[in-house]
Q: 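The following block contains the structure, expressed as structure tokens.
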Amino acid sequence: MPQNAWTSWPLREALSREGISDARLWIGRAVRVLLLAGMLWSTFSEPAFRGWGLPAGCAGIVLSALLFVHFFRTTRRHSLWPSIGLFVLLEGAAFAFHAAGARTPAIVLWCGCAIAGMERLPLMAALPCSAAALGAYATVANDDWLTTVATTVGLGLAGYVLRLDAEARGNSVRLLAQERAARKAEAETAALAERGRIAREIHDVLAHSLSAQLVHLEAARLLIQRSTDLEADRDQILDRVVACRGMAREGLDGTREALSALRGEMAPVEDYLRQLATSEGAQLEVTGQRRPVAPDADLTVRRVAQEALTNVRKHAAGARVSLLLEYAEGQVGLVIRDRGGRGKPGELAKSGSGYGLLGMRERAELLGGTLESGPDEEGFMVRLRVPA
């Protein structure tokens, strides 16, 4: 809700010492010390303070200084009526000094109240309070009317300029704090996103590895269950167990690869696909201008290739597989086709979670890409497109 300029306080940051340079702090302290010293000196030099009047005058000056300190604190807390009460007490102290014949302390208090009130109070309260203090000063001033008016207006403007300067400093302090908070939140968000990405990569690697192991374990189970001569099928069962061990090792290697890819330390994706195609007996074709691929897109291409080839082993054993890596403007694509599978769907098709391609599709969509899959001529086709 927008604040009313007449009733709103200056920012708390503006009324505090935040954002003030050390040099400016020392200058302000020096001015206060000089004013206090001048008031004390005038107390000793004024003829009005003799005998018991001297300690009474010093006590009045110390009391006035304490009232100013409390006035600064209450305005910093945005306490309106206590601040006005302290302002009235300071005005009363000035009148008391003037009544006692101590003209200098009275003028210093009136001028200080006018500037401090204009700087620190809401305008609705600052204008009448400062006007009252400046009016009292103008009443006792011995200068000609033109000098008195110029001095009075100058003091009011000085207070307002200090108010504007404090507001600007308070706004800059608040904006700096907001910027720091935004940077901290951005860093925390980036860290959470990075953790989520790493968790997703490790999950996908392990899901692929465990799914592949399950294929071989299911095959070994079927061999044991249907075999009438375990000794005769011993070599086949051993091959499946060895393959499971290899899949476990590949899972660990894949996890390391995922973390390396996220750090940008992996070999180009086409080199990985070429090795994968060679190990699976598939053909790889690369088209377009080769270029570095973003880590997220790189990993997505690798995982889709792994998942597609695992599905071929599960559902179309013996099929001819071809991979096509396409570099296009602003994106990279991967097409995997299999033809002529001689497997027996149903024996191993139920192994695994059944969510491989669905997970790959979600991964592609998170990057703003697409993944399509379905029957294609004599076999099955998976087509991936992701921004790169």
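Because the structure is a prediction, the values reported are computed rather than measured. Below, all heavy atoms of this structure are taken into account, side chains as well, without hydrogens, waters or symmetry copies. Start at 1 with the first residue, then count along the sequence.
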Q: If only atom types and distance count, is the side chain of His98 paired as donor or acceptor with the main-chain N or O of Thr104 below 3.5 Å?
A: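 Answer holds: no.
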Q: Whether Glu372 and Arg385 form a salt bridge (side-chain N of Lys/Arg under 4.0 Å from carboxylate O of Asp/Glu) is what I want to check.
A: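 No, no charged N to carboxylate O under 4.0 Å.
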Q: Under the 3.5 angstrom rule, does the side chain of Arg163 hit a backbone N or O of Leu121 as a donor-acceptor pair?
A: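 Yes: the side chain of Arg163 pairs with the backbone of Leu121.
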Q: Is there a side-chain contact between Leu123 and Tyr160 (heavy atoms, below 4.5 Å)?
A: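 Sidechains of Tyr160 and Leu123: in contact.
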Q: Considering residues at least two apart in sequence or located in another chain, which fulfil the ring-ring contact (aromatic ring centres under 6.0 Å, His included) criterion with Phe95?
A: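 ring-ring contact (aromatic ring centres under 6.0 Å, His included) check on Phe95 returns Trp110.
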Q: With a 4.5 Å cut-off on side-chain heavy atoms, are Gln283 and Arg337 touching?
A: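 No, every pair of side-chain atoms sits at 4.5 Å or beyond.
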Q: What are the two closest non-hydrogen atoms of Ser64 and Leu90, and how far apart are they?
A: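 For Ser64 versus Leu90, the nearest heavy atoms are O-CD2, 3.5 Å.
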Q: Do other residues, nucleotides or ligands put more than 12 heavy atoms under 6.0 Å from Tyr327 OH?
A: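 Count over threshold, so yes.
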Q: Within this structure, what is the CG-CZ distance for the pair Leu176 and Arg180, rounded to the nearest 0.5 Å?
A: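 The distance works out to 4.0 Å.
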Q: Within the distance-only criterion (no hydrogens, no angle test), does the side chain of Ser130 pair as donor or acceptor with the backbone N or O of Ala114 below 3.5 angstrom?
A: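 Present.
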Q: Considering only heavy atoms from C-beta outward, does the side chain of Trp9 approach that of Leu80 to under 4.5 Å?
A: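 The answer is yes; the side chains approach within 4.5 Å.
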Q: Please find the pair of heavy atoms, one from Ala133 and one from Cys113, that lie closest to each other, and give the distance.
A: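 In this case the closest contact between Ala133 and Cys113 is CB-CB, 4.3 Å.
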Q: Distance-only, no hydrogens or angles: does the Asp298 side chain make a donor-acceptor pair with backbone N or O of Ala294 under 3.5 Å?
A: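 Checked: no pair found.
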Q: How many angstroms lie between CG in Leu366 and CG in Asp296, if you round to the nearest 0.5 Å?
A: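 The CG atom of Leu366 sits 9.5 Å away from the CG atom of Asp296.
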Q: Considering non-hydrogen atoms only, spot the tightest contact between Ser322 and Arg339 and give its length.
A: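 Looking at all heavy atoms of both residues, the shortest contact is OG-NH1, 4.2 Å.
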Q: Are Leu371 and Val312 linked, directly or through intermediate hydrophobic residues, by side-chain heavy-atom contacts shorter than 4.5 Å (ILVMFWY only)?
A: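 Yes; Leu371 is reachable from Val312 via cluster members.
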Q: I'd like to know whether Glu280 forms a side-chain contact (heavy atoms from CB on, under 4.5 Å) with Val321, so could you lay out the CA-CA distance, the side-chain angles of the two residues, the decisive distance to 0.1 Å, and finally the verdict.
A: CA-CA 9 Å; Glu280 297 289 340; Val321 183; over 6 Å; no
Q: Does Glu365 come within less than 4.0 Å of Arg361, counting only side-chain N to carboxylate O?
A: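 Salt bridge: no.
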Q: Is the shortest side-chain heavy-atom distance between Val286 and Glu326 below 4.5 Å?
A: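 No; the side chains remain at least 4.5 Å from each other.
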Q: Among the clusters formed by ILVMFWY side chains lying less than 4.5 Å apart, do Trp81 and Leu127 turn up in the same one?
A: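 Different clusters.
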Q: Please step through salt bridge (Lys or Arg N to Asp or Glu O under 4.0 Å) for the pair Arg183 and Glu179, ending with a clear verdict.
A: CA-CA 6 Å; Arg183 288 182 178 178; Glu179 182 180 358; 2.6 Å; yes
Q: Quick one: pull up CG in Leu324 and CD in Glu285 and give me the separation to the nearest 0.5 Å.
A: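 Going from CG on Leu324 over to CD on Glu285, the span is 5.0 Å.
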Q: With no hydrogens and no angle check, just 3.5 Å: does a side-chain donor-acceptor pair link Ser83 and Thr75?
A: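 No, because no side-chain N or O of Ser83 sits under 3.5 Å from a partner of the opposite role on Thr75.
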Q: Considering only heavy atoms from C-beta outward, does the side chain of Thr287 approach that of Leu325 to under 4.5 Å?
A: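 A side-chain contact is absent here, since even the closest heavy-atom pair is not under 4.5 Å.
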Q: In this structure, would Val108 and Tyr137 fall into the same cluster of hydrophobic residues linked by side-chain contacts under 4.5 Å?
A: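 Hydrophobic grouping puts Val108 apart from Tyr137.
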Q: Hey, mind stepping through Val293 and Val301 against side-chain contact (heavy atoms from CB on, under 4.5 Å) and telling me if it holds?
A: CA-CA 10 Å; Val293 180; Val301 171; 5.8 Å; no
Q: Any side-chain heavy atom of Arg120 sitting closer than 4.5 Å to one from Phe87?
A: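 Contact flag for Arg120/Phe87 side chains = no.
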Q: Show your working on side-chain contact (heavy atoms from CB on, under 4.5 Å) between Asn171 and Arg174 and close with a plain yes or no.
A: CA-CA 5 Å; Asn171 284 324; Arg174 180 164 292 187; 5.5 Å; no
Q: Side chains of Leu334 and Leu273: does their closest heavy-atom pair fall under 4.5 Å?
A: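 Answer yes - side chains close enough.
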Q: Parallel under 30°, tilted from 30 to 60°, perpendicular over 60°: which one fits the rings of Phe68 and Phe72?
A: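 Tilted.
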Q: Which heavy atom of Arg383 sits nearest a heavy atom of Val335, and at what distance?
A: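 Closest heavy-atom pair between Arg383 and Val335: NH1-CG2, 3.5 Å.
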Q: Treating Ile, Leu, Val, Met, Phe, Trp and Tyr as nodes and any side-chain heavy-atom pair under 4.5 angstrom as an edge, say whether Val88 and Leu109 lie in one connected cluster.
A: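 In one cluster: yes.
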Q: Work out which heavy atom in Leu276 is nearest to a heavy atom in Gln306; give both atom names and the distance.
A: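 Leu276 and Gln306 have their closest heavy atoms at CD2-N, 4.2 Å.
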Q: Within the distance-only criterion (no hydrogens, no angle test), does the side chain of Arg103 pair as donor or acceptor with the backbone N or O of Val140 below 3.5 angstrom?
A: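 Yes.
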Q: To the nearest 0.5 Å, tell me how far Ser373 OG sits from Phe380 CZ.
A: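 The distance works out to 4.5 Å.
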Q: Does Ile107 belong to the same Ile/Leu/Val/Met/Phe/Trp/Tyr cluster as Phe97, with side-chain heavy atoms less than 4.5 Å apart forming each link?
A: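 Cluster IDs for Ile107 and Phe97 differ.
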Q: Can you check whether Thr7 reaches Pro122 side chain to side chain, under 4.5 Å on heavy atoms?
A: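 No, too far: nothing below the 4.5 Å cut-off.
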Q: Considering non-hydrogen atoms only, spot the tightest contact between Ala106 and Ala94 and give its length.
A: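 Minimum heavy-atom separation between Ala106 and Ala94: CB-O, 3.3 Å.
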Q: About how many Å separate CD of Glu270 and CZ of Arg290, when rounded to the nearest 0.5 Å?
A: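 Spacing of CZ (Arg290) from CD (Glu270) equals 5.0 Å.
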Q: Measuring from atom CG of Leu155 to atom CG of Leu134, what distance do you get when rounded to the nearest 0.5 angstrom?
A: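 Going from CG on Leu155 over to CG on Leu134, the span is 6.0 Å.
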